[in-house]
Amino acid sequence: MPTHFQPEALKFLRGLARHNDREWFEPRRAIYERALKEPMLALIDEINHAMAEFAPEHVRPPHKIMMRIYRDIRFAKDKRPYKRQVSAWWARRGMEKTSGGGFYLHIHPEEVLVSCGVYMPERDQLLAIRRHLSGHADEYRALHKKIVKAKGMSMTDIDGALLTRMPKGFAKDDPADELVRARNWGVHATLPPSVAEGPALLREIVKRFKLAAPLVEMLNAPIVREERRPQVRF
């Protein structure tokens, strides 16, 4: 049977949301390891096997895909030390430390989130994607429409965080207007938390990752092209 989570897992996350501190977490670390970390790593491994067929450049060892439960609070006003979800990020090979297009999953007490695309890319990547979409707007829109219209997928556009005006270097009447003004691109689906506790979890994730894979590949294309461009040295 495909990996899924036991009710103990979501119960732990609900408790963590109420008691987000070391004093609560540490005595219950064994529960986290058994009920959340171990099945999450097993689930990632199963997803990897499926993704090898349609997104092989995103497959890495599960422990490198699963994200830490600890929040980075060094510069944050919110000093709560733990995330309220267990999550995973399938970055493209070579972009593990940057913000290219990829596949994201999290299990939260209130939802299972499946997201595919680019979120807040670095400055050079942002410019490369905007330039690419400026010349391939119809292709992107067609892919996007196919995904959001797919029956039974319930995928919608992620928040593009649109600029109020066109960025420098782009024409005000660029036909790719809303794509160029965006800072995030992609699609996501929010599923009920009960999905995490059933054997259909793997299938629900994989079918959405597979559907959105061409969109992720398109968003990564200009970044890959820039990385492969020969460097001119003087």
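Predicted model only: the values in this text are computed from it and were never measured.
When hydrophobic clusters are built by joining Ile, Leu, Val, Met, Phe, Trp and Tyr residues whose side-chain heavy atoms come closer than 4.5 Å, directly or via intermediates, Ile69 is grouped together with Leu105. Under the 4.5 Å side-chain heavy-atom criterion for grouping Ile, Leu, Val, Met, Phe, Trp and Tyr, Phe103 is not connected to Leu143 through any hydrophobic cluster. Cluster annotation: Leu126 and Tyr119 are assigned to distinct hydrophobic clusters (Ile/Leu/Val/Met/Phe/Trp/Tyr, side-chain heavy-atom contacts under 4.5 Å, transitive). Under the 4.5 Å side-chain contact rule for hydrophobic residues, Val114 and Leu41 share a cluster. Ile223 and Val216 end up in different hydrophobic clusters when Ile, Leu, Val, Met, Phe, Trp and Tyr side chains are linked at under 4.5 Å.
When all heavy atoms are compared, the tightest approach of Gly102 to His58 is CA-CE1, 3.9 Å. Scanning both residues, Ala176 and Ser134, for their nearest heavy atoms gives CB-CA, 3.8 Å. Smallest separation of non-hydrogen atoms from Pro109 and Leu13: CG-CB, 3.5 Å. Ala52 approaches Val59 most closely through the heavy-atom pair N-CG2, 4.0 Å. The shortest non-hydrogen separation linking Leu179 to Trp185 is O-NE1, 2.9 Å. The heavy-atom pair separating His4 from Glu197 by the smallest distance is CD2-O, 3.2 Å.
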Arg93 and Arg60: CA distance, side-chain angles, deciding distance, side chain to side chain contact (heavy atoms under 4.5 Å, CB included) verdict:
CA-CA 8 Å; Arg93 192 174 300 119; Arg60 292 185 294 150; 5.7 Å; no
Determine whether His106 and Glu111 satisfy the following criterion, side chain to side chain contact (heavy atoms under 4.5 Å, CB included), listing intermediate values before the conclusion.
CA-CA 8 Å; His106 80 215; Glu111 66 181 18; 2.7 Å; yes
Assess the residue pair Val224 and Met95 against the criterion (side chain to side chain contact (heavy atoms under 4.5 Å, CB included)); give the C-alpha distance rounded to whole Å, side-chain angles, the decisive distance to 0.1 Å, and a yes or no.
CA-CA 9 Å; Val224 173; Met95 299 182 191; 3.6 Å; yes
What verdict does the side chain to side chain contact (heavy atoms under 4.5 Å, CB included) test give for Leu10 and Phe5, after you've listed the backbone C-alpha separation in whole Å, the side-chain angles of each residue and the deciding distance to 0.1 Å?
CA-CA 8 Å; Leu10 296 186; Phe5 295 85; 5.8 Å; no
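Residue Tyr104 holds its OH atom at 12.5 Å from CD1 of Ile158, rounded to the nearest 0.5 Å. Residue Arg165 holds its CZ atom at 10.0 Å from CG of Leu163, rounded to the nearest 0.5 Å. Separating the CG atom in Leu215 from the NZ atom in Lys146 is a distance of 11.5 Å, to the nearest 0.5 Å. The line from CD1 of Ile44 to CE of Met51 is 11.0 Å long, rounded to the nearest 0.5 Å. Interatomic distance, NZ of Lys172 versus CE of Met166, reported as 10.5 Å (0.5 Å rounding). Once rounded to the nearest 0.5 Å, the distance linking CG of Leu202 with CG of Leu43 reads 6.0 Å.
Of the possible polar contacts, none joining the Arg208 side chain to the His188 backbone as a donor-acceptor pair under 3.5 Å is found. The backbone N or O of Val180 sits less than 3.5 Å from a side-chain atom of Arg130, completing a donor-acceptor pair. The backbone N or O of Glu57 lies less than 3.5 Å from no partner atom in the side chain of Arg92, so there is not a single donor-acceptor pair. A donor-acceptor pair is defined here as one N or O able to donate and one able to accept, closer than 3.5 Å; such a pair exists between the side chain of Glu46 and the backbone of Thr3. Distance alone, capped at 3.5 Å, places no donor-acceptor pair between the Asp45 side chain and the Ile47 backbone. No side-chain donor-acceptor contact under 3.5 Å links Lys210 to the backbone of Phe54.
Ionic pairing of Glu8 and Lys11 is not present here: no N-O contact between side-chain nitrogen and carboxylate oxygen is shorter than 4.0 angstrom. Taking the charged nitrogens against the carboxylate oxygens, Arg141 and Glu178 do have a contact shorter than 4.0 Å, which makes a salt bridge. Salt-bridge check for Glu38 with Arg34: failed, with every basic side-chain N at 4.0 Å or more from each acidic carboxylate O.
Arg84 CZ: 12 or fewer foreign heavy atoms inside a 6.0 Å radius. For Tyr140, the OH atom counts as densely surrounded, since its 6.0 Å shell holds more than 12 non-hydrogen atoms of other residues, nucleotides or ligands. No more than 12 heavy-atom neighbours from other residues, nucleotides or ligands sit within 6.0 angstrom of NZ on Lys97. The local environment of CD in Glu33 is crowded, with over 12 non-hydrogen atoms from other residues, nucleotides or ligands closer than 6.0 Å. At most 12 heavy atoms of other shown residues, nucleotides or ligands fall within 6.0 angstrom of atom CD in Glu217. Under a cut-off of 6.0 angstrom, the local environment of NE2 in His49 is sparse, with at most 12 non-hydrogen atoms contributed by other residues, nucleotides or ligands. By the 6.0 Å contact criterion, NZ on Lys207 is enclosed, its count of non-hydrogen atoms from other residues, nucleotides or ligands being greater than 12. Counting non-hydrogen atoms of other residues, nucleotides and ligands closer than 6.0 Å to CZ of Arg71 gives a total above 12.
At least one side-chain heavy atom of Cys116 sits less than 4.5 Å from a side-chain heavy atom of Phe209. In this structure the side chain of Pro192 never reaches within 4.5 angstrom of the side chain of Val112, judged on heavy atoms. Contact check for Asp157 versus Val148: no side-chain heavy atoms found under the 4.5 Å cut-off. Side-chain contact between Trp89 and Met66: absent, with no pair of heavy atoms (C-beta onward) separated by less than 4.5 Å. Side-chain contact check for Phe25 versus Arg29: some heavy-atom pair is nearer than 4.5 Å. When side chains are defined from C-beta on, Tyr32 counts as touching Val86, because their heavy atoms get closer than 4.5 Å. Residues Ile107 and Gln85 fail the side-chain proximity criterion, which asks for heavy atoms closer than 4.5 Å. Side-chain contact between Met153 and Ile147 is absent, with no heavy atoms from C-beta onward closer than 4.5 Å.
A side-chain donor from one of Trp90 and Asn48 sits under 3.5 Å from a side-chain acceptor of the other.
Listed by chain and residue number, Asp78 satisfy the side chain to side chain donor-acceptor pair (under 3.5 Å) test with Arg80 (two or more places apart in sequence, or in another chain). Contacts of Asp124 classified as side chain to side chain donor-acceptor pair (under 3.5 Å), with partners at least two apart in sequence or in another chain: none.
Aromatic rings from Trp24 and Tyr82 are positioned such that their centres are separated by 6.0 Å or more.
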